[in-house]
Amino acid sequence: MNVMGSDPITGQHAVVTGGGRGIGAAIASALAARGVQVTVMARTASAVSEMAQSLRDNFKTRAHGVVCDVGNPGDVTRAFAEAVDHFGVVQVLINNAGQAQAEPFDRISLDSWNRIIAVNLTGTLLCTQHVLPAMIGARAGRIVNIASTAGLKGYSGLAAYCATKHGIVGLTRALAAETARSGITVNAVCPGYTEGTEMLATAVANVMESRNVSADEARALLAKQSPRRTLITPEEVADTVVWLCSPSASAITGQAIAVAAGEVM
């Protein structure tokens, strides 16, 4: 419930998957700064515990950490039951957990393919299915799926990752169409190369190997892919996500919004 006169999203319960670091941590912090109760989910116990404590200390809001592998259906069921037990129904879901791996197409193993699909795409499905019935019942809710510019274009050596992120964009648009009359919005945010993310680390390693350059040189080459000639910050992504969760974005649904400094136009 919201306190009269407060920020409209204060007191809501948000789940942020992959919330222990990078973009997920920035989103969790931005929501906590608005007075949102945050359940942080990630695979590492220490990461979720430390992040939840940081949110409580820095923003004086309620926060809880839950260990969850979103690619594991049993884990997802347990984690969302724990989240609801702590803070009640989930009003905001941020599907951020993801995995990237650089491999030439002819070397992609079935195990690698299945794992990336399970985490990036199936995990988004499973988590969303756990919150959607309550959102439909309340005729209100916000779902934001963190995709990537890899959901809007292709990148060499990242076929599996691109396939999942394109899939997330398609899932977003389909679910938005299904829920358009239910008071729920469903959107995808598509960051470019972002500081502190697994995608950036993977891309840097890939460029270092293919171009025989240093890490700094690889980062500079990646930054040049955008007209601004800089990498994206997690906070820039988080600001977009928080806006999509606000009442002022109530007419925005089914969109794939690039936060990429002009890399994708």
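Quick caveat: nothing in here was measured; it's all calculated off a predicted structure.
Contact annotation: the side chain of I27 approaches that of I146 to within less than 4.5 Å [non-hydrogen atoms, C-beta and beyond]. For the pair L244 and T185, the minimum side-chain heavy-atom distance is 4.5 Å or more. Side-chain contact check for M199 versus K165: every heavy-atom pair is 4.5 Å or farther apart. For the pair N206/Y155, no side-chain contact is recorded, criterion being any heavy-atom separation below 4.5 Å from C-beta on. Contact of the R142 side chain with the I9 side chain is not registered, since no non-hydrogen atoms from C-beta on lie closer than 4.5 Å. The shortest side-chain heavy-atom distance between K153 and S148 does not fall under the 4.5 Å cut-off. Inter-residue side-chain proximity for N145 and L175 is flagged as unmet; no heavy-atom pair is nearer than 4.5 Å. Between L132 and L93, the closest side-chain pair of non-hydrogen atoms is not below 4.5 Å.
F59 contributes atom CZ, which lies 10.0 Å from atom CG of L31 (distance to the nearest 0.5 angstrom). Of the inter-residue distances, the one linking T39 atom OG1 with I94 atom CD1 reads 12.0 Å to the nearest 0.5 angstrom. To the nearest 0.5 angstrom, Q12 atom CD is 9.0 Å from D7 atom CG. In this structure, OG1 on T17 lies 11.0 Å from CG on L126, to the nearest 0.5 angstrom. Atom-to-atom distance recorded for N72:CG and T77:OG1 is 9.0 Å, nearest 0.5 angstrom. Taking OG from S109 and CG from N114, the interatomic distance works out to 8.5 Å, rounded to the nearest 0.5 Å.
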Under the side-chain contact (heavy atoms from CB on, under 4.5 Å) rule, what do V144 and C245 come out as? Steps first, then yes or no, please. CA-CA 8 Å; V144 182; C245 295; 4.1 Å; yes

Next item on the list: Would you please test I252 and W243 for side-chain contact (heavy atoms from CB on, under 4.5 Å) and show each step?
Entry: CA-CA 10 Å; I252 312 301; W243 171 67; 3.8 Å; yes

Chi angles and distances behind the side-chain contact (heavy atoms from CB on, under 4.5 Å) call for S112, I116: CA-CA 6 Å; S112 173; I116 292 173; 4.1 Å; yes

Check against side-chain contact (heavy atoms from CB on, under 4.5 Å), V264 and C190: CA-CA 10 Å; V264 178; C190 302; over 6 Å; no

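Each of R56, E82, H13 was checked for a side chain to side chain donor-acceptor pair (under 3.5 Å) with H64, and the lone residue meeting it is E82.
The backbone N or O of G192 lies less than 3.5 Å from a partner atom in the side chain of T194, making a donor-acceptor pair. Side-chain atoms of N120 come within 3.5 Å of backbone N or O of Q99 as a donor-acceptor pair. When atom types are taken as modelled, the side chain of T124 and the backbone of N95 share no donor-acceptor pair closer than 3.5 angstrom. Side chain of D75 to main chain of D69: a donor-acceptor pair is present (N/O by atom type, distance under 3.5 Å, no hydrogens or angles). Under a 3.5 Å cut-off, the side chain of T233 and the backbone N or O of E236 do form a donor-acceptor pair. At least one donor-acceptor pair under 3.5 Å links the side chain of T253 to the backbone N or O of V186. Side-chain atoms of E217 come within 3.5 Å of backbone atoms of S214 as a donor-acceptor pair (strictly under, hydrogens ignored). Of the possible polar contacts, none joining the S29 side chain to the A26 backbone as a donor-acceptor pair under 3.5 Å is found. Within the 3.5 Å criterion, the main-chain N or O of R34 finds a donor-acceptor partner in the side chain of T10. Panel note: side chain T172, backbone I168; a donor-acceptor pair is recorded below 3.5 Å.
Around atom CG of D57, more than 12 heavy atoms belonging to other residues, nucleotides or ligands sit under 6.0 Å away. Counting non-hydrogen atoms of neighbouring residues, nucleotides and ligands closer than 6.0 angstrom, the CZ atom of R115 exceeds 12 such neighbours. Surrounding CD of Q53 are more than 12 heavy atoms belonging to other residues, nucleotides or ligands, all under 6.0 Å away.
Transitive grouping of hydrophobic side chains (ILVMFWY, heavy atoms separated by less than 4.5 Å) brings V16 and V259 into a common cluster. Linking Ile, Leu, Val, Met, Phe, Trp and Tyr whenever their side-chain heavy atoms come within less than 4.5 Å leaves V84 and V38 in two separate clusters. When the side chains of ILVMFWY residues are joined at heavy-atom separations under 4.5 Å, either directly or via intervening members, V92 and V15 end up in two distinct hydrophobic clusters. Under the 4.5 Å side-chain contact rule for hydrophobic residues, V89 and V66 do not share a cluster. L125 and V70 fall into different hydrophobic clusters, defined by Ile, Leu, Val, Met, Phe, Trp and Tyr side-chain heavy atoms under 4.5 Å apart, directly or through other members.
Taking every heavy atom of both residues into account, A147 and A188 meet most closely at CB-CB, 4.4 Å. Closest of all the heavy-atom pairs between G19 and A42 is N-CB, 4.3 Å. Across every non-hydrogen atom of F105 and A159, the tightest pair is CD1-CB, 3.6 Å. Listed here is the closest heavy atom pair of R78 and V67: NH2-O, 2.6 Å. Between A25 and M51, the shortest heavy-atom contact is O-CE, 3.4 Å. Closest non-hydrogen pair, P191 versus I23, comes out as CG-CD1, 4.0 Å.
Taking 4.0 Å as the cut-off between side-chain N and carboxylate O, E195 and R219 count as a salt-bridged pair.
One side chain, T230 or R228, offers a donor N or O that lies under 3.5 Å from an acceptor on the other. Under the 3.5 Å distance criterion, with hydrogens and angles disregarded, no donor-acceptor pair is assigned to the side chains of S46 and T44.
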